[in-house]
Amino acid sequence: MQYISTRGQAPALEFEDAMLSGLARDGGLYVPETIPQMSADDMRSLQGMSYEETAFRVMRPFVGSTLDDETFRDLIQNAYAGFGHAARAPLVQLAPNHFLLELFHGPTLAFKDFAMQLIGQLFQEALGRRGERVTIVGATSGDTGSAAIEAFRGLENVDVFILYPHGRVSEVQRRQMTTPSEGNVHALAIDGTFDDAQARLKDMFNDHAFRDDVRLAGVNSINWARVLAQVVYYFSSAASLGAPDRSVSFTVPTGNFGDIFAGYIAKRMGLPIDKLIVATNQNDILHRCLSTGAYQKGDVLPSISPSMDIQVSSNFERALFDVYDRDGGAIRQLMDELQTGGFAVSQGALERLQDTFSSGRVSEAETLAMIARAHREMGELLCPHSAIGVEVAETQRDASIPMITLATAHPAKFPAAVEQASGIHPPLPNRMSDLYERPERVTRIANDLQALQEHIRETRRS
Ligand SMILES: *Cc1c(COP(=O)(O)O)cnc(C)c1O
């Protein structure tokens, strides 16, 4: 299985090299050259299967021959062993034909643990076998950073630097990044927004001298291996509701378009998905684009769902690549136009996007109202991101098709908004109840490429 760049000018790579490099050298994102298909019988066999075995069967064809079956199964077992729920991704029912997929039982209480815990295992295995080291640099609006630090802390062959926007992450998110004491993990609070952090990260990847010097690797949601790990729970949840013999729809609280793009891959593999619904907060570039075709950057507005405070959705490039018939030149041109503010999706491409995706936008007041209502009427305490999903799903769903809404974080990760809306202070699970007592370690840093590169060169261990 080969991976090609969405901008058409980087060499095709095997799975492992695409994973270790993250962003392609032409600035594009890696996608599989072809999408493996799951037959109806293969999908039926997932019904009642463990999450780990489902993960093995769904991901196996994408991984190629570098890993043997036994090693890959072991890595998957290790990745999910630290989760606080035996089902890993349990489904609970909210209303007739509306289900919540709880993706927050991992070590940092957000869905990003599904991909990051696996990536930690895959990196360790690959680097150990090759006798190599890498420097991982990531940008985060909160949850990616904590998940990455948790997945890589203490690993021999890796230094991890995480850039987060100073003052714009929740206290639980910040503490999950700043309290691990291992010398190979480094939290950097940048003076700027998440989009600034993500832009500096892209600058570092595009500086090939720096990239080679520190052996830069990326684990942001642009990393194909992360998307792949997230494809699994679309299959596991749909199978438990009767797929492939029954279609389902999904609503996904979305920022960088990574999680919902995994759903799109599941659909391309043959999973009968009726609708994939994008749910955004007031930072609604995706909702505007899917409604009108205009992909125009606005200012980032801080919200109570900070993990979706994004105006450039990196993974959307992968969807565009497909609806532009995999024309790397067309994507390069769109991304050039984005540098100066935005672009218009062609009519044909927009129609193809709308065949698969719908979208909705939720205000701050509506988010709080849904947290209160879900608590009162559905018996569920939702985090603000998940509440945005449930609100859009309730407004748009077709009552005859099962709807699965992704719950992307535990309410205790965003206690202020949850308490404001519901009157309930959501407690942290016991295993992390001392988070507020542990000492913090963080470097405040300017939104400046050179300052960042200097700091990384001087601080990494090799
Ligand atoms: C990252 C995150 C999202 C957005 O996911 P994308 O893959 O960027 O669309 C939504 N909710 C929570 C809690 C997150 O951490």
Side-chain angles (χ1 to χ4, degrees), residues 29 100-116 119 138-151 162 164-165 168-170 172-174 176-177 194-195 197-198 219-231 233-234 250-265 276-281 283-287 289-290 300 303-319 357 359 362 367 371 382-392 405-415 417-418 426:
L29 279 64
L100 192 71
L101 181 59
E102 292 187 349
L103 299 176
F104 52 67
H105 295 286
T108 70
L109 308 180
F111 81 89
K112 300 203 168 64
D113 288 325
F114 277 90
M116 213 61 88
I119 271 209
T140 186
S141 54
D143 294 328
T144 298
S146 46
I149 284 176
E150 191 59 41
I162 296 295
Y164 70 84
R168 295 196 190 211
V169 300
S170 82
V172 174
Q173 290 175 321
R174 190 190 74 233
Q176 285 180 336
M177 292 187 274
F194 169 66
D195 285 336
Q198 190 161 251
V219 296
N220 260 58
S221 70
I222 50 179
N223 192 305
W224 168 257
R226 280 190 55 189
V227 174
L228 178 59
Q230 293 168 187
V231 176
Y233 45 69
Y234 286 88
F250 288 91
T251 303
V252 186
T254 304
N256 238 334
F257 208 78
D259 209 5
I260 192 153
F261 186 75
Y264 169 80
I265 294 293
L276 281 167
I277 307 183
V278 168
T280 77
N281 66 18
N283 296 293
D284 62 351
I285 183 167
L286 285 167
H287 173 54
C289 181
L290 290 168
V300 179
S303 79
I304 56 172
S305 45
S307 304
M308 291 156 47
D309 288 348
I310 286 170
Q311 284 289 347
V312 177
S313 295
S314 300
N315 276 293
F316 195 49
E317 181 169 337
R318 289 188 160 114
F357 300 102
S359 64
V362 180
T367 307
I371 294 174
L382 298 173
C383 92
H385 312 77
S386 310
I388 286 169
V390 172
E391 169 69 25
V392 170
T405 298
L406 273 53
T408 51
H410 192 287
K413 213 162 179 186
F414 303 92
V418 174

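Ligands are counted one by one from 1 in listed order, and the atoms in each one are counted from 1 as well.
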Return the CG to OG distance between Asn283 and Ser305, rounded to the nearest 0.5 Å.
7.5 Å
Which residue pairs pass the salt bridge (Lys or Arg N to Asp or Glu O under 4.0 Å) test when at least one of the two sits in residues 138-151, sequence neighbours left out?
Asp143-Lys413, Glu150-Arg153
Distances only, to 0.1 Å: what are the N or O pairs between ligand 1 and the protein that fall under 3.5 Å?
residue  : atom   : partner : partner atom : Å
ligand 1 : 7 (O)  : Gly258  : N            : 3.3
ligand 1 : 7 (O)  : Asp259  : N            : 2.9
ligand 1 : 8 (O)  : Asn256  : N            : 2.8
ligand 1 : 9 (O)  : Gly255  : N            : 2.9
ligand 1 : 9 (O)  : Asn256  : N            : 3.3
ligand 1 : 9 (O)  : Phe257  : N            : 3.3
ligand 1 : 11 (N) : Thr408  : OG1          : 2.8
ligand 1 : 15 (O) : Lys112  : NZ           : 2.5
ligand 1 : 15 (O) : Asp143  : OD2          : 2.3

Side chains of Asp309 and Ser141: do they bring a donor and an acceptor to under 3.5 Å?
no
Going by side chain to side chain contact (heavy atoms under 4.5 Å, CB included), name the residues that satisfy it together with Gln230, two or more places apart in sequence or in a different chain.
Phe111, Ala115, Arg226, Tyr233, Asp259, Ala262
Would you say the side-chain atoms of Arg318 pair up with the backbone N or O of Ile222, donor to acceptor, closer than 3.5 Å?
yes
Test salt bridge (charged side-chain N to carboxylate O under 4.0 Å, His left out) applied to Asp195 - qualifying residues, sequence neighbours left out:
none
